[in-house]
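Working notes for the structure below.
For the numbers below, each heavy atom of this structure counts, side chains included, while hydrogens, waters and symmetry mates do not. A quick note: this is a predicted structure, and the numbers were derived from the prediction, not measured.
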Amino acid sequence: MDIVVFGAGALGSLVGGLLARDHHVTLVARDPHARRVAGQGLRVTGELDARVRPRATTDPTPADLTCDLALVTVKAYDTAAAARTLATGDPAVVCALSNGLTEETLVAELGDRVLAGSATYGAELVAPGEVRCTGVGRIHVGELDGGTSERAARVAAAFREAGLDCEADPGMPRRRWEKLAVNAGINAVTALARVENGALADGPARDVAHRAARETARVARAEGVDLTDDAAVAAVDTVVEETAANRSSMLQDVERGSRTEASEINGAVVDRAPAHGVATPTNRTLADLLRAWEAAGIAE
């Protein structure tokens, strides 16, 4: 399969690197990472190990973006720009693996080519040309409105051929909100507390993560998605266990002094809640604290 990974940071480089063992992969990334991969290849270390030579570029042409599958792994706030660029090419299928509820933004530019996706693999970009797997998770792909499809099955099979744990999921409407509950419960809490995911296995940080997840589930139900509080909390606990040694992407952002996805994760829960009369004090507090940190000029 001809695959483009658009936004090859930590997760995109890990997934794209592993896919490159069995498929033709192009990473769209920033320098110096893209330059190092193009010249010397990509090294995957940690819980998984691989040395691969995917193509890498910072400036894809429309021909580059004409492919069987485009995986979108940009930061959630960059999704609209990624969608406009991808639309200059002709990807047959586009699958979102970014945090947050980004699929609608992709659909606005790319129409019915878009599949929903989620990934719980832990990844850290440790140096140009090197990504470390900090936790082996799983990937789900499927139709945005649910149900089975041949193309989702084909994408999942391609992932499995490359050794990734992936399934075509007919329940992606629920899975998307479950992903948001996990993101809301883990990312902001670990970023503010400056702890690895495993610190949420017990203690006060766990309680905060659970409250954020339960609020997300309540908004999901108000929007017609069957996600119980208990299921949202269980999803958080499962990811914490599977990625205990992982430093969440938002924690890595804070450590780098970079913009976070708080507005697109916790803020997305808060923004949708008023229409349904649902209170989201935990998500509001988490989002506001990180926005305050960003507004202080610490983040770029």
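Annotation: side chain of Leu180 is not in contact with side chain of Val219 (no heavy-atom distance under 4.5 Å). The shortest distance between side-chain heavy atoms of Asn99 and Ser249 falls below 4.5 Å.
Leu48 contributes atom CG, which lies 6.5 Å from atom CG of Leu14 (distance to the nearest 0.5 angstrom). Considering CZ of Arg214 and NE2 of His210, their distance stands at 7.5 Å, rounded to 0.5 Å.
A side-chain donor-acceptor contact under 3.5 Å links Asp64 and Thr61.
Under the side chain to side chain contact (heavy atoms under 4.5 Å, CB included) rule, Phe159 has a single partner from Val15, Asp165, Ile3, which is Val15.
Contact check on Glu242 versus Arg138 returns a salt bridge, with a Lys/Arg side-chain nitrogen under 4.0 Å from an Asp/Glu carboxylate oxygen. Taking the charged nitrogens against the carboxylate oxygens, Glu294 and Arg291 have no contact shorter than 4.0 Å, which rules out a salt bridge. Using a 4.0 Å cut-off between charged side-chain N and carboxylate O, Arg43 and Glu130 make no salt bridge.
In Arg194, the CZ atom is crowded: over 12 heavy atoms of neighbouring residues, nucleotides or ligands sit closer than 6.0 Å.
Every pair passing side chain to side chain donor-acceptor pair (under 3.5 Å) that includes a residue from residues 65-80 is listed here, sequence neighbours excluded: Lys75-Asp253.
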Determine, step by step, whether Arg221 and Arg218 satisfy the side-chain contact (heavy atoms from CB on, under 4.5 Å) criterion, reporting the C-alpha distance in whole Å, the side-chain angles of both residues, the deciding distance to 0.1 Å, and the verdict.
CA-CA 5 Å; Arg221 292 197 298 276; Arg218 290 167 195 151; 3.4 Å; yes
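For Asp31, the salt bridge (charged side-chain N to carboxylate O under 4.0 Å, His left out) partners two or more places apart in sequence, or in a different chain, are Arg35.
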